[in-house]
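Shown next, in C-alpha cells, is the structure this report addresses.
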Amino acid sequence: MTTRTPVRPFRSREWFAAPGRADMAALYLERFMNYGITPEELTSGKPIIGIAQSGSDIAPCNRIHLETVKRARAGILAAGGVPMEFPLHPIFENCRRPTAALDRNLAYLGLVEILNGYPIDAVILTTGCDKTTPSSLMAASTVDIPAIILSGGPMLDGWHEGELVGSGTVIWRSRRKMAAGEIDEAEFLKRAMESAPSSGHCNTMGTASTMNSIAEGLGMSLPGCAMIPAPYRERGQIAYETGKRIVEMAYEDLRPSKILTKANFLNAIKLLTAIGGSTNAQPHLVAMARHAGVEITPDDWRSGYDLPLVVNMQPAGEFLSERFHRAGGIPAVLTEMLANGALDGDVMTCTGRTLAENVSGHGVTDRAVIFDWDKPLKEKAGFLVLSGNLFDIAIMKTSVIGEDFRARYLSRPGHEGVFEGRAIVFDGSDDYHHNINDPALNIDENCILVIRGSGPIGWPGSAEVVNMQPPDHLIQKGIMSLPTLGDGRQSGTSDSPSILNASPESAAGGGLAWLRTGDTIRVDLNNGTCDALVDADEIARRKAEPAPPIPESNTPWEELYREKVGQLGEGGVLDFALKYRKTSEKVPRHNH
Ligand SMILES: CC[C@@](C)(O)[C@@H](O)C(=O)O
C-alpha cells in the first residue's frame, strides 16, 4: 500500500476537506454515505479513482467491463485508492442509427464534464468498441488527470465449418456470397453468429482492436492489455493490475500530457501499418492528437505508409485476435519493430517506464501470425494519402488491396498504379442500395462507385458506407470489388480497397458535390492523386447548381453536431473544444 505524498495534492481534497468551508465538505460527503461509504474513507487523503464504465446491455462489445471493473476495484483498494464507478455515454457501432460516429464527441463532452466537475483524482478508462477508446483519451487529455486504459478485449476466435470467421469481415464477405447466390439468409445469420462466439469486441483487426492496440502503442495501457480475449483469466488479472497501477499514477501525477507526445503518436501511426489497422484510426488518431496538443500532418501519414504489414489478421490477412494474442500480441509486434529501428523506444508510458523497457523480453511465439519485419506479409502497407480536385485529403488502406484488384486496376503495363474509371455517383446509402442493380446505370468493371453525403455534416456523423460492393451481375461474374470513393468511412473489418474519409465532404462544399455520374476519375497511386477529368469552366458551372440533398437533423445533438464538427481529415472534432486543455489545473467553484 502506498503511503507517499502525492506529487500534486489530490484535487478531491478540495471537495472532501474543502479548506475553510466545513459546511461544503459536509454537503459533498453527506450523500455518498447513503450507500455505505464512511466519511473516513473520503477524508483520509486517499486518491479517488474514477472508473468510466463503458459497458451496458446496449454496448455489448464493452459489456465485459461489468465484470472487469470488479477486479479493477480490488486492485484500487489493494493499492490504497477509493474506487468510484460512473457511466460513459454508450457507444455501440453495429446498432446505433444513423451512426455511432455521432457518439464519440458526445461521450467525450460528457466525460470531460464528469472528470472536471467531480472529485476524481485519476481515472480508469474502460474501452472496447471502436469509439470508446478515442472519446476517452480525448477527454483524458482535455482534463489532464492521470488516466489509464483498461481494454475489454476481443471475442474468442469464430469458426464456421472448420474455417475462421471474423466478426464484421464475415458480414461483408457473406453479403457478396449472397449476391452470388451461394448462401441464403439463414446461412448468413449462422455465419454472423458463429463469428461472435463470446463476450468481447470484434475478433478481427477492425476498429475496436485497432484502437485498443493504438492505446497500448501510445503507452496508455499496461503492456499486453489490448489483445487479451475478453473471457480469458488474464483479462481479470490485468484489470486488477490496472487498478493497482492507476493509484500509483495518481501519486506520481503521471498525466496524459506527460505521455501523449508527438513521438508517441508517430509510433502509433507506424504500429497501425504493422498491424493492418482500421481506416477509422485516421480521424480518431488525429482527434486524440489534437486534443493532446499534437499536430499530425499528411507527411506523418506518409512515414507510416512506407512500413510493412507483419500481423496476419483479418481483414488484411488470415487469423483472428485470439491466435494473435497467443503469438505475443502487441508487445511482440512492438519488440519486432523496436529491434528493427522502426519505433522510438524512449517514450514515456503509463507504467512510468519507457516503451522499450515495457516490452523487453516479449518475443514473437508464432511466426504464422506475426511475420518477420524483413519478410513481411506486405511491403509499403500503410495508408496512402491522396488529394486532387475532388478533395484535399483522403486515404486508401493498401494492405487490403487483393491480387485480383491489383491485377485488374493497378498492373496495366506502362501504367502501373494508375487507373481511370467512369463515376457512378450515389447520394447516400439509400440511393446506393435502391439503385446499384439498376441496369440503366450500365455498371461494368470500368466504373468507380462514388458515395457522397456520408461525411460528418452530410450523414450526419459520417457513416461506414464507402465499402460498396459491385452490382450482383458483376459479382456473379467473379468481380468481387470495384474501386470506390466517398466522403464517409468504412468498417475497419472491411477488405475493400476504397478511397475514403474524403475531406472536405460534399456537404461542406468538397469536390464530390459537383461530380456527376459519367465523369471520368483518374487515380494515380504513385503520385497520390485522384481527380475528376472535368474542365474548369464546367466545374464552375456545376458549383452554381444546388448542392446534393442531405437529410434534415432529427435530434438536437445532430443539429448541434453539424454546426460544430470539423472534417474527417482533421479528426472530426468539435474545433472549439480544442482550446480547453488541462482543465483539472483549475478546480471548479463550489456549487452551493
Ligand atoms: C459493424 C462495426 C464495425 C465492425 O464496422 C466496426 O466496429 C469497425 O471495425 O469499423
Side-chain angles (χ1 to χ4, degrees), residues 54-55 58-64 90-104 107 127-135 151-155 157-158 164-176 188-189 191-197 199-215 226-227 230 272 275-285 287 311 313-317 320-321 324 383 395 397 399-400 429 451 454 459 461-469 484 486 488-498 500-501 568 572:
S54 60
I58 61 164
C61 298
N62 296 44
R63 200 172 182 283
I64 187 69
I91 312 181
F92 176 25
E93 196 63 40
N94 299 45
C95 214
R96 163 66 150 116
R97 289 178 169 195
T99 168
L102 282 166
D103 291 330
R104 189 197 69 186
T127 63
C129 191
D130 309 6
K131 296 170 182 67
T132 51
T133 309
S135 59
S151 306
M155 296 181 282
D157 288 359
L164 282 169
V165 275
S167 51
T169 305
V170 76
I171 304 287
W172 326 124
R173 291 184 180 167
S174 299
R175 262 189 191 169
R176 295 194 290 258
F188 196 136
L189 180 61
R191 285 166 184 247
M193 204 155 66
E194 288 175 352
S195 77
S199 57
H201 61 67
C202 282
N203 47 23
T204 35
M205 189 47 78
T207 311
S209 294
T210 301
M211 295 314 300
N212 284 281
S213 300
I214 282 180
M227 278 297 123
L272 186 58
I275 62 178
S278 163
T279 45
N280 286 319
Q282 181 212 16
H284 296 330
L285 212 131
V311 175
M313 235 176 110
Q314 295 183 26
L320 297 173
S321 47
F324 177 41
F383 296 165
I395 54 163
K397 179 174 169 178
S399 60
V400 289
S429 63
I451 190 162
S454 53
W459 191 263
S462 79
E464 292 186 334
V465 292
V466 184
N467 52 316
M468 295 165 285
Q469 71 182 37
T484 65
R489 301 174 298 113
Q490 78 181 21
S491 168
T493 64
S494 166
D495 50 12
S496 169
S498 318
L500 67 155
N501 299 353
L568 288 178

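Just so you know, ligand 1 is whichever comes first in the structure, and atom 1 is the first atom listed for that ligand. This is a predicted model, so every value here is computed, not measured.
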Side chain, backbone, both or neither: which applies to [X] and ligand 1 if a contact is any heavy-atom pair less than 4.0 Å apart?
| X | result |
| --- | --- |
| His201 | neither |
| Asp130 | side chain |
| Asn280 | side chain |
| Ser494 | neither |

Looking only at distances, please establish whether an N/O atom of ligand 1 is found under 3.5 Å from an N/O atom of [X].
| X | answer |
| --- | --- |
| Thr207 | yes |
| Glu464 | yes |
| Gly492 | yes |

Is it the case that the side chains of [Y] and [X] hold a donor-acceptor pair, with the cut-off being a distance below 3.5 Å and no angle test?
| X | Y | value |
| --- | --- | --- |
| Thr127 | Thr132 | no |
| Asn203 | Ser167 | yes |
| Ser494 | Ser496 | no |

Whether Ser278 lies under 4.0 Å from ligand 1, heavy atom: no
I need the atoms of ligand 1 closer than 4.0 Å to a non-hydrogen atom of Thr493, numbered in the order shown.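 Atoms satisfying the 4.0 Å criterion: 4 (C), 9 (O).
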Subset of ligand 1 atoms that lie under 4.0 Å from at least one heavy atom of Gly206: 9 (O)
Thinking salt bridges, do Arg176 and Asp495 make one under a 4.0 Å N-O criterion? yes
Looking only at protein heavy atoms, which one is nearest to atom 3 (C) of ligand 1, and what is the separation? Ser491 OG, 3.5 Å
For atom 2 (C) of ligand 1, find the nearest protein heavy atom and state the residue, atom name and distance (0.1 Å precision).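 Looking only at protein heavy atoms, the one closest to atom 2 (C) of ligand 1 is Glu93 CG, 3.4 Å.
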Less than 4.5 Å apart, any side-chain heavy atom of Glu93 and any of Thr207?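 Glu93 vs Thr207: side chains apart.
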